[in-house]
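The next block holds one structure in the form of structure tokens; read it before the comments.
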Protein chains: 2
Amino acid sequence: MGAKDRRENEVVQMRQAILNAACNIAAEAGWREVTVRKVAEKVEYSPAALYEYFSSKDAILVALMREGFRLLTLDMRSVPESGDAVERLAAVAQSYWDFAFRHPELYQVMHGLDGISFGTAETPQEAKDGFIALRDAVRAVFPGNSALERDLYDEVDMFWAMLHGLVSLTMAGRIKGGRERAALLVKPAVEIYIAEWQKEVR
Amino acid sequence: MGAKDRRENEVVQMRQAILNAACNIAAEAGWREVTVRKVAEKVEYSPAALYEYFSSKDAILVALMREGFRLLTLDMRSVPESGDAVERLAAVAQSYWDFAFRHPELYQVMHGLDGISFGTAETPQEAKDGFIALRDAVRAVFPGNSALERDLYDEVDMFWAMLHGLVSLTMAGRIKGGRERAALLVKPAVEIYIAEWQKEVR
DNA sequence: TCATTTTCCGAACATTGTTCAGTTATCGAA
DNA sequence: TTCGATAACTGAACAATGTTCGGAAAATGA
């Protein structure tokens, strides 16, 4: 029964090829241009064949969304502990920003930007993991245990919102000076939050 | 030549009817369900007839985006001066939030959410007007003239990003506790910014 | 009243996601 | 190896999308 295993490998390879193809098209021409037929052509299969590997086009997008959150979480988690928790939180924010513009297509599919949307896919576990990664980084900036009783969800949500807002407006071309100038706003924004939070804790 | 004027009125009325129809469908079923044929049916015309009033479906969306920004700007501008600039800025932020959830379809089309996107429509004047309205509210919280030399674009961008981020994540269902809990974050978020800015100015 | 222009519609076109009958390839057992 | 069954894949079609176009209908101005 080595044949079964080999076939299984081929399946995951094929699925990955489909995901890559979709991503590449999106990166080059935007998600609007990502069509089942074009993806099929890129993997050299018939359009109908894709439905053996994904139940629908939406399923492909959902898979990419989850992979995107997985990668983002990985990025944030891999920011080294630098002794100074504040410094690290700033670095995490930076890695968030960097990820968004290193993989714009992924970021877009993760947040339904650029004309993507799939029927109310509930928040995937990978996204929750990302939230947790962010929460851990935030939690570390609270020196004592004073605020550790709370779940810090408010702080994390606000922090996340600010990051997503910056990325989102920038990608939409709504920031004068574009990405270059917007990038300069990340660190000051982080510092604003930190300063207030630290004041809160005394 | 009263006939010409009357016809002109009919045209703007027709255009408005089309915009309303599109908006209503979006409000009830989401932008994915907004189709040329359905809009046409709702205004009791043939699909082809719409193209006498709008050059494309995208043109309809763009018109709605602009109207959305116009209304949002109006809302923010109509927040009364309450003596206390800080209080007013908070009220402006609240009116931003309220607008977003009073007209979710408009907010979505304004920011390319929910699967909307039209070929890189450059930032319309109405959006810039909204930015200015926000800037004026921010500018007022700076007591002296110390910071009035600067354009305050950084502060406004960050403020806007935070508001948009909160709305955006909430609409995407990414905030635990949903809209109700997220609404409670608006005021604290505003206060954080204000506190830091005031510290800056001394 | 009549010629002309505007307004509107029916029908079509290309492209989209998706399905399905059928063909081809693959595999496990005799 | 050979055969029957299962899986993999394709071609053609379907309905729905945005859009166009020739012509009908209506409004307009003389």
Side-chain angles (χ1 to χ4, degrees), chain A residues 1-19 21-22 25-26 29-65 109 112 114-121, chain B residues 1-19 21-22 25-26 29-65 109 112 114-121:
Chain A
M1 63 191 60
K4 262 291 173 245
D5 290 7
R6 188 189 40 134
R7 180 55 198 164
E8 258 176 51
N9 271 1
E10 282 176 6
V11 166
V12 324
Q13 225 165 325
M14 185 62 193
R15 283 178 58 101
Q16 197 57 51
I18 291 172
L19 296 179
I25 297 172
W31 282 105
R32 263 215 171 174
E33 296 298 311
V34 176
T35 189
V36 173
R37 282 172 176 79
K38 283 192 208 151
V39 173
E41 191 188 19
K42 213 152 202 177
V43 293
E44 298 184 289
Y45 273 75
S46 102
L50 300 205
Y51 289 83
E52 293 285 328
Y53 299 91
F54 289 97
S55 64
S56 67
K57 185 190 179 186
D58 276 12
I60 297 178
L61 301 183
V62 170
L64 282 171
M65 169 180 80
V109 82
D114 194 45
I116 309 303
S117 85
F118 19 87
T120 61
Chain B
M1 61 193 59
K4 261 295 175 245
D5 290 7
R6 187 189 40 137
R7 179 56 197 161
E8 257 175 54
N9 271 1
E10 281 176 7
V11 166
V12 323
Q13 223 165 326
M14 185 62 194
R15 283 177 59 99
Q16 198 57 50
I18 292 172
L19 296 180
I25 297 172
W31 282 105
R32 265 213 169 178
E33 296 298 311
V34 176
T35 188
V36 174
R37 282 173 176 79
K38 283 192 209 150
V39 173
E41 192 189 16
K42 210 150 204 177
V43 294
E44 298 184 288
Y45 273 75
S46 103
L50 299 203
Y51 289 82
E52 293 287 325
Y53 299 90
F54 289 97
S55 64
S56 67
K57 184 189 177 184
D58 277 12
I60 297 177
L61 301 184
V62 170
L64 282 171
M65 169 179 80
V109 82
D114 195 45
I116 309 303
S117 85
F118 20 86
T120 62

**Message:** Tell me the interatomic distance from A/Tyr51, atom OH, to D/dA12, atom P, rounded to whole angstroms.
**Reply:** 18 Å

**Message:** Please determine whether the number of non-hydrogen atoms from other residues, nucleotides or ligands lying under 6.0 Å from atom CD of B/Glu44 exceeds 12.
**Reply:** no

**Request:** Would you name the heavy atoms of B/Val36 and B/Pro47 that are closest together and state the gap between them?
**Result:** CG1-O, 4.2 Å

**Request:** Test B/Ile18 against B/Met14 for side-chain contact (heavy atoms from CB on, under 4.5 Å), laying out the working first.
**Result:** CA-CA 6 Å; B/Ile18 292 172; B/Met14 185 62 194; 4.1 Å; yes

**Request:** Whole angstrom is fine here: how far is it from CZ in A/Phe54 over to P in D/dA8?
**Result:** 15 Å

**Request:** Check the pair B/Val39 / B/Phe54 against side-chain contact (heavy atoms from CB on, under 4.5 Å), numbers first and verdict last.
**Result:** CA-CA 12 Å; B/Val39 173; B/Phe54 289 97; over 6 Å; no

**Nearest-Å distance for atom pair NZ/C1', residues A/Lys38 and C/dT18** = 18 Å

**Message:** What is the distance, to the nearest angstrom, from the CD atom on A/Glu10 to the C1' atom on C/dC27?
**Reply:** 13 Å

**Asked** Is B/Val34 touching bases, backbone alone, or none of the nucleic acid, heavy atoms closer than 4.0 Å?
**Response** sugar-phosphate

**Message:** Looking at every heavy atom in both B/Leu19 and B/Ala63, which two are closest together, and how far apart are they?
**Reply:** CD2-CB, 3.9 Å

**Prompt:** If every non-hydrogen atom of B/Leu64 is compared with every non-hydrogen atom of B/Ala22, which pair is closest and at what distance?
**Reply:** CD1-CB, 4.1 Å

**Item:** Euclidean distance, atom CD1 of residue A/Ile60 to atom P of C/dT16 [Å, nearest integer]
**Value:** 14 Å

**Asked** How close or far is atom P of D/dT10 from atom CG of A/Leu50, stated in whole angstroms?
**Response** 9 Å

**Request:** Mind calculating the distance between NZ (A/Lys57) and P (C/dT16) to the nearest angstrom?
**Result:** 9 Å

**Message:** Does C/dG17 have OP1 or OP2 under 4.0 Å away from a side-chain N or O of A/Ser56?
**Reply:** no

Pull out every protein N or O sitting under 3.5 Å from an N or O of nucleotides 8-10 of chain C, one pair per line with the distance.
unit_1	atom_1	unit_2	atom_2	d
C/dC8	OP1	B/Tyr45	OH	3.0
C/dC8	OP2	B/Tyr53	OH	2.3
C/dC9	OP2	B/Ser46	N	2.7

**Prompt:** Using a cut-off of less than 4.0 Å, is there contact between a side-chain N or O of A/Thr35 and OP1 or OP2 of C/dT15?
**Reply:** no

**Asked** What heavy-atom pair brings A/Ser55 and A/Tyr51 nearest, and what distance separates the two atoms?
**Response** O-CD2, 3.7 Å

**Asked** Rounded to whole angstroms, how far apart are CD on B/Glu8 and P on D/dT28?
**Response** 13 Å

